[in-house]
Amino acid sequence: MTEKIVSKEDLKKILEGLMKTSELLAPGKEGDLVLFKPVKNPEEVFFAYPNSLKPVKEFFFPPREELFKHEIREGKVGLSSEHQENRKRVIWGVRPCDAKSLLMFDKMFDGEYKDSYYLEKRAKSVLVGLACNEPLDSCFCLSLNAGPHAKEGLDVLITDLGDDSYLVEGITAKGEELFQGCGKESGEGERTRKKELEEAAKKKIRKTCQPPPDLESFFEDPYWEKVSRKCISCGVCTYLCPTCFCFDLSYEGRDCIRFWDSCSFSPFTKMTSGENPRREKKTRYRQRVYHKFSYFKKNFGEIACVGCGRCLRECPVKVDIVEIVNQCSKDKTKD
Amino acid sequence: MRIGVFVCHCGTNISGTVDVAKVAEVARGMPRVKFATDYRYMCSEPGQNLIKDAVKKHNLDKIVVASCSPSLHERTFRKCVEGAGLNPYQMEMANIREQCSWVHHDKKEGTKKAIDLVKMAVAKVGKDVPLKRMRIPVEKKVLVIGGGIAGIQAAIDVSMAGFKVVLVEREPSVGGRMARFDKTFPTLDCAACILTPKMVTVAQNDNITLYTYSEVEEVSGYVGNFEVKIRKRARSVDMDKCTGCGICYGKCPTKVPSEFDMGLGKRKAIYVPFPQAVPNIPVIDRKNCIYFLREKCKICQKVCPPGAIDYEQEDEIIKEKFGAIIVATGFTLFDHSVYGEYGYGKFKDVVTGLHFERMANASGPTGGKIVRPSDGREAKDVVFIQCVGSRDEQKGLPYCSRLCCMYTAKQALLLKEHNSEAQAYVFYIDIRAAGKNYEEFVRRVQEEYGAVYLRGRVSRIFEKDDMLIVRGADTLSGAQIEIKADLVVLASGLIAQPDARKMAQMLGISYDKNNLFTEAHPKLAPVETVTAGIFLTGACQSPKDIPDTVATASAASVKAIGLIAPDELTLEPLVAKVNPDICSGCLACLQVCPFSAIEKEDVKDRLTKEMKIVAKVIESVCHGCGACSATCRVGAIDIAGFRDEEILAEVEAIT
Amino acid sequence: MIKRLQEKVGKLLREKKVALVIGYEMAGDGISTTPCFIEREDEVERLVWNEHCVYNLSRYLIETRELASSPSPKIGVVAKGCDVKSIIGLIQENQIKRDEVVIIGMECEGQFDVEGERQFKVEGLKLKDKDKDKDKEGKLLEKCKACEVHIPKVYDLLIKDDRNSGAPEPQSPEVNAYAQVEELEGKSQEERWQYWKKEFARCIKCYACRQVCPLCFCPQCIADQTLPQWISPSPSLKGNTTWNIVRAFHLAGRCIDCGECERACPMKIPLRKINKKLGKEIKEMFDYEAGLDSEAKPPLADFKLEDPEEFIR
Amino acid sequence: MTESREPNTEQQEEWQPKIIGFLCKWCSYAGADLAGGSRIPYPANIRIIRVPCSGRVNPLFVLKCLENGADGVLVSGCHPGDCHYSEGNYYARRKFAVFKKLLEYLGVDPRRFQVSWVSAAEGEKWAEIVKTVVEEVRAAGPNKQLSAPVDKCSGAPVKRKHLKND
Amino acid sequence: MTEVLKPGSSEPPENIYLPHLAAIKEIREETQDIKTFKLVFQDEELRKSFTYKPGQFIEFSIFGVGESPFCLASSPTREGYIECSIKKMGKVTQAIHDLEEGDIVGIRGPYGNGFPVEEMKGKNLIFVGGGIGLAPLRSLIWNVIDRRDDFKDVIIVYGSRSIADLVYKDELKQWQNTPGVKLTLTVDPGGEAEDWKGEIGFVPTILEKVNPSPGNSLVITCGPPIMIKFVLVTLNKMNFSSQQIITTLERKMTCGLGKCGRCNIGSVYVCKDGPVFTYAQIEQFQEEI
Ligand SMILES: Cc1cc2nc3c(=O)[nH]c(=O)nc-3n(C[C@H](O)[C@H](O)[C@H](O)COP(=O)(O)OP(=O)(O)OC[C@H]3O[C@@H](n4cnc5c(N)ncnc54)[C@H](O)[C@@H]3O)c2cc1C
Ligand SMILES: Cc1cc2nc3c(=O)[nH]c(=O)nc-3n(C[C@H](O)[C@H](O)[C@H](O)COP(=O)(O)OP(=O)(O)OC[C@H]3O[C@@H](n4cnc5c(N)ncnc54)[C@H](O)[C@@H]3O)c2cc1C
Ligand code: SF4
Ligand code: SF4
Ligand code: SF4
Ligand code: SF4
Ligand code: SF4
Ligand code: SF4
């Protein structure tokens, strides 16, 4: 696919153009937070962020989504199912880890039962990636078949070459379309520069995630009791996780709403009788780890973690899932 | 669920401003309403029959009546639906008269509001669950605590209605303060003449069991079913054997100051407090008895003809169940030693009104002579000082003790009657003589008995030679006054018994900041306490004179009788209930419950199987006020008939 | 301090005075700490104490209480002055018994915002570089600036600060604990509404604020109930506002200002600003402060005849 | 089954404040009955919910009213000292004092939540209070604060519809 | 990436969350807190095309209140309607119990794997049920009775707390009178009445008494967890292998589509991969059931 060099000015123009033709979402600052927001002014678009607080999953699987409405009139029921407007949507500045996470969502929401809400939003979105040159201490994407410059899942990838110029690599036709007719051909020098940046970025990633191949055999291990002890079941890790997709449904007035839920919560699995197979915190934490590193792998052939590190960073009590899965393998080698 | 809606015209009272037919029509379209109609007078017999018929015909299970205020006809319609075979608590009323047709004039608006009110009632009834009235058995027996005139009167009244009473008195004899008096205002009856017959009745009535020299130690249970532990202290005299001959205390060698006589006279170590005591059976004061101190003497045992003395006797614990409790523990006097101006209680000839009463009493320690305790000389010039302790926020009591004005006047009168040469001076702040013939009485004391009333405060009392000099100001004339007195009598205020607070906590009733017991409602429930089944009478509640005391005693008895007369108590089921699964055990509810209807309970969690603390409602004590429910953060405690769900359904119906 | 802490805890465990000690250990990033649970004497080396010990560990006491109620062993908990207040709150509301916990009080001069790291998350700067020129004032936690309990009010053991011979400086009078609240109070009603509306709109209804709160110990939070449904479970401005009002109100007169809720909130909603407001009002109106007396009646389960009622018609 | 609202004819009409009153059944409810008995007119904007005591009113009820779209809420109970349950209104007073401060702080119009003491004898006072409260809430306008329509946290607005069965 | 929809393409795929409308045709009160609802789809087409297997379940929606899963208690051999027996437990079920004939509700499904009816052909079938647990069995039992020839002997052991708690009282009689079907009813001690002709005792005890033989048999059991636990012990004693025991599992479920994430036991999603499992499968689970 094509590679181009564009200047900062060019980018601004492109953004301006996109704002007119499509819905443009890009990271911006809100106080101390970096969040993806609809762009109202290209100046607000933020480039130098490690990663957004909330992953881009929120645009495909919103925290709250109306699935249908009902109306009862004189004993008759009318249902109206409303779908998103079919406008193109460009998500700008997606980090490679988040892009990869969407491939996992695809597996979940496609399949025997196709989730039209998700799929429709997916189909009309273009993902513009931004390569990570300054990954964080908490990032560990490299050990999970991804990387700071990985392209998987993206439509186009931009790399900041440092001197107000950007290397744009088209990945899909949808992506290339955005940059048609701007910038110039990239040269060898720029390509080397990008390679260097990529290598440098990879070096900065020191955290690795190595789940033991026989994770299943630890299921009954008292280890889980121990490591889950400090978890407060707050669900922050799951809400901010780009691959967590648990949800709940509920009627609110006339709307049927789907909203985020979390396996960390005790009511998540509590039945009306009061019976709860995952009442103990240990079982809930274990579920989270196993779902990511065992069950998803079993069902879809891949670990459901992309190494974005959000859960490590944002956990209010600093529960470190990477340490926990790695530790688990070490314990094993001990005995 | 099949709801029926019945809209009343109330003649034209409602239909004048509300289009009742339209209300019924709209109601027909409301969720789960299977039948709706309007009628001229719903509360009339045909109206009620209409409801009953519709229940049958349309198989209705819940009813909404849109008519007048539930305060008026809730009972009527509950009965009506009960008659139709439904649960009476699955009926709700929409108040479209008092709160709609009567206050709005515009028919359109009135109709609109009426429809909303019906909507709310339909929503609420939809959430209503069937409730069952609680029935609890009643122990047909009353406990009276305190044997003063209040307790005596209450015991007699209850016994007259044919119920059993147990009267518990802490002293060796019943009678209380009144037994100490000579005469009583305003009629000047001889106290003994009117009291003694009552005391005797108490002792002889088959329905009354008297425990003197006894105290209530523990109270548990609840209305209709109190379980009480009574400690009958060892008298060291076998009550069955003793004939009351009195030889023992005649012979006893130990003399100690008599409490009954306020230390003005002496009694023996084995004694009856006063000659008319009931029961007229002595007790041994073990603290002063030589035998108990030094294991010698035993004179009383030797002289007692029937051999009733029993040094080995032990306290007896009696456990009994009662349906109701009447508290009549009376008062005590304010201790004036906090006042420097009155000599900090150090001058022997500065005494309280009660001392005076003993002196004035013909059978008292001085044989009816008013004397100076210091030297026994008959007192001539006597200064009475009112409001000692009362109405003094700083050092004393914030309240007026109500009867000091009267007993001072009485005593000024008695002084003159006992010694025609005597002169009474009364320092007062105000004269509060509100009562039948009271003002007249005070006037008479001034005019006929020549008592000198001085308005003002006493600034100092000091001893000079062997006289007391009382210095004060007459604020009316503005003059400084000094009076040379033989005796000063302080009208000390009435205060709660020193152990009142402990008593209240044991009973679970409330008390105010002066430790006086608090009535459930000052106007509407003046002898009830917030704890169902416990009633108040006499001076333990507030300072009262004898007429008021006796009146409240009878009032409390009627309340108690009313309570225990039926075989079962039927209690409204509109009470609180805790869901132990979600109760956090914070016990905030327990702290707010005005009726102490909540207790702490240790239970095993249904799911985690761990022990935990939860709140538990004693249904028969709960009044259903809902304070607990509004305080509970988790919503673990809810009020039947006004459940969160029901109230929110009403809200949702109109928003 | 750390040494003495480790020794004391070691002793407690050795003498079987406690079955478990909840304390702090270093987190993987080498800067922040994380809660740890020490059960054996040989684990005490993990215990640390530094200015990044923000967590209020008393929250874990509710989970571990079953351990404490077994006949003798108790739970030891490392607690700062502010944390002790929530322990008192827990005792006050019957969640734990005083004799079930061994409070290892820490003299604390204030905690620093490891979340200054947040800056780093945003800007992509290296925390370690930033850490060097740590500006004390700048990153001292807001709550610590007005702290009055550098030495806990209640404890079983006290670990003193070696660097500090005398008593720590008392709260400087210039520090107004309610400055932020007052600033907002000074705004117009509409401005306040707009302010909170924007903040609440961000809430994602994760309930981390509740989960972390030592005093949100209800077996089933009102937010998780369906009969009736008090709070809509999905994030929406309406439901978020309701939730935040309910949470704040439920902590009224109980919140001890550990600030954990705000710290845990991933969306950084300034929850402390609400809690403090209610704390201030309750102090002014009812002369009550939470976390001081385990025997006291909670202010909303109490009343005085002369309570204010100007707002009532 | 929740019935949908009737076709919204109200919208054409002039906006009228919708006020919910929680009245204790002993004093204020009886006071309101007395206003009726004495035929003292007052505006028809109030809908009364009868509760045993003002102490029964959980502040969350008020919140739910406002959230559901009521324009104002009025809680009324017995005067201090007159509570049928002796203390209920004192607890209520504390709760509401705090709750009101909270709402105000969050920028909720203070006119939307009001408290009064009305005895069973104060029919006239009741009518006066309703008048004042209605006027104040009218001045405050429709409640767009706590009952604001659900704002989406993300995702674009919906456009296309298809109806299934009717 | 799944290119299901290109911007501008015609119809989105079917909305999997949108229920079909169905009217309540009949309500039967089984016990004090269990009612059976007969439902007929509004859409004529659907009435014919809706097919399911015994053991499958549907998501039952009360508009404005909520949605809950219930197994289909009717037999697919009876066409044109479906039936669910529902116990009053919480929010949704309470609302369901408040329904009247003619009310419209929403139905999604059928979901889940259902019983392996084909494998059951030619076998002796032993049904062991307790309480409301008879609902999924009923679907299969009618299926078996309607195709009597395909199956061999049928033994049904059913028990409940008391006589009043027995469901399908009329049908129990019909089953009893069907050739080749042996029905044993029991109630917990204390739950009987004077004229009770059935057994008294807990289901596992009575099962032991009935003593079915494991040869060419399958056991299908459903009931409260505690009952299942002891039934398994009993069956084990009687030499049934775990392959011969089939049961349905209950988990909290929201979507029924294997997406919402809560009903999994390990990597198995009860809503999609279950709710019917053989005991042999269950033994493989690491998580407790
Ligand atoms: C100086 C003086 C003069 C007065 N003169 C008059 C007058 O002329 N006319 C008039 O109408 N009123 C007069 N009064 C008021 C009169 O004394 C009271 O109205 C009356 O005594 C109140 O009766 P009572 O039964 O409530 O209390 P009390 O007479 O105090 O009786 C209470 C009884 O309860 C007993 N008791 C207390 N605690 C316990 C316990 N825990 N367990 C068991 N028993 C207990 C006490 O021993 C006592 O016997 C006078 C009062 C005073 C002080
Ligand atoms: C596959 C399957 C089949 C079932 N079949 C039947 C049946 O035939 N008859 C019957 O009476 N019951 C059946 N149940 C149980 C029934 O689903 C629950 O009793 C019911 O969901 C309780 O909902 P509620 O709204 O009354 O309770 P609430 O506590 O108010 O439930 C709220 C929400 O929680 C979910 N939920 C709660 N408990 C459960 C649970 N146990 N299982 C699944 N979701 C739950 C529901 O989605 C519901 O919307 C079945 C459950 C499953 C999983
Ligand atoms: S963020 Fe941390 S504390 Fe919260 S649920 Fe996840 S691991 Fe547990
Ligand atoms: S207030 Fe509520 S949670 Fe607390 S003890 Fe009472 S019922 Fe339980
Ligand atoms: S309703 Fe009132 S009386 Fe009953 S338990 Fe609650 S607070 Fe006590
Ligand atoms: S509300 Fe927040 S600050 Fe208050 S105690 Fe709870 S967590 Fe701490
Ligand atoms: S928010 Fe309220 S109900 Fe929920 S846990 Fe906290 S105190 Fe309990
Ligand atoms: S922690 Fe923050 S985002 Fe989560 S529920 Fe609480 S306020 Fe909302």
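Quick note: numbers below take in every heavy atom, side chains included, and nothing from hydrogens, waters or symmetry partners. So you know, we letter chains A, B, ... as the sequences are listed, proteins then strands, and number each from 1.
In this structure, C/K304 places its NZ atom where more than 12 heavy-atom neighbours from other residues, nucleotides or ligands lie under 6.0 Å away.
Using a 4.5 Å cut-off between heavy atoms, C/L278 touches chain D through its side chain atoms alone. In this structure, chain C has a heavy atom under 4.5 Å from the side chain of D/T132, while its backbone stays farther away. In this structure, chain D has heavy atoms under 4.5 Å from both the backbone and the side chain of C/D302. Neither the backbone nor the side chain of C/Y195 comes within contact range of chain D, judged by heavy atoms closer than 4.5 Å. Contact of C/E284 with chain D is not made at all, since no heavy-atom distance falls under 4.5 Å. Interface residue C/I222: only side-chain heavy atoms are found under 4.5 Å from chain D. Both the backbone and the side chain of C/I245 come within less than 4.5 Å of a heavy atom in chain D. Heavy atoms of C/K187 lying under 4.5 Å from chain D are absent altogether. For D/I129, the part lying under 4.5 angstrom from a heavy atom of chain C is the side chain only. Proximity to chain C is absent for every atom of D/V75, based on heavy atoms less than 4.5 angstrom apart. Contact of D/K95 with chain C is made through backbone and side chain together, with heavy-atom distances under 4.5 Å. If you measure heavy-atom distances from D/L66 to chain C, you find no contacts under 4.5 Å at all.
In plain terms, the two heavy atoms of D/E67 and C/G239 that are nearest each other are OE2-CA, 4.5 Å. Of all heavy-atom pairs between D/A97 and C/F286, the closest is CB-CZ, 4.3 Å. Closest non-hydrogen pair, C/Q189 versus D/P110, comes out as OE1-CD, 3.8 Å. Of all the heavy atoms in D/Y105 and C/W196, the pair that sits closest is O-NE1, 3.6 Å. Shown here for D/V115 and C/F311, the closest heavy-atom pair between the two residues is CG2-CE1, 3.8 Å.
The distance from atom CD of D/E104 to atom CD of C/E281, rounded to the nearest 0.5 Å, is 8.5 Å. Taking CD1 of C/I312 as the start and NZ of D/K100 as the end, the distance is 10.0 Å to the nearest 0.5 Å. Atom CD of C/E190 is separated from atom CG of D/D109 by 9.5 Å, given to the nearest 0.5 angstrom. We find the CZ-CD distance between C/F303 and D/E87 to be 4.0 Å, quoted to the nearest 0.5 Å.
Residues D/F99 and C/F249 place their aromatic rings such that the two centres sit under 6.0 Å apart.
Side chain of D/K64 to main chain of C/W230: a donor-acceptor pair is present (N/O by atom type, distance under 3.5 Å, no hydrogens or angles). A donor-acceptor contact shorter than 3.5 Å is absent between the side chain of D/R94 and the backbone of C/D307.
Considering only heavy-atom pairs separated by less than 4.5 Å from chain D, the leading option among C/E191, C/K273, C/E185, C/Q194 is C/K273.
Note on C/R313 versus D/E122: no salt bridge recorded, every NZ/NE/NH1/NH2 to OD/OE distance being 4.0 Å or above.
Among the candidates D/L146, D/L63, D/L60, the single residue satisfying the side chain to side chain contact (heavy atoms under 4.5 Å, CB included) test with C/T242 is D/L63.
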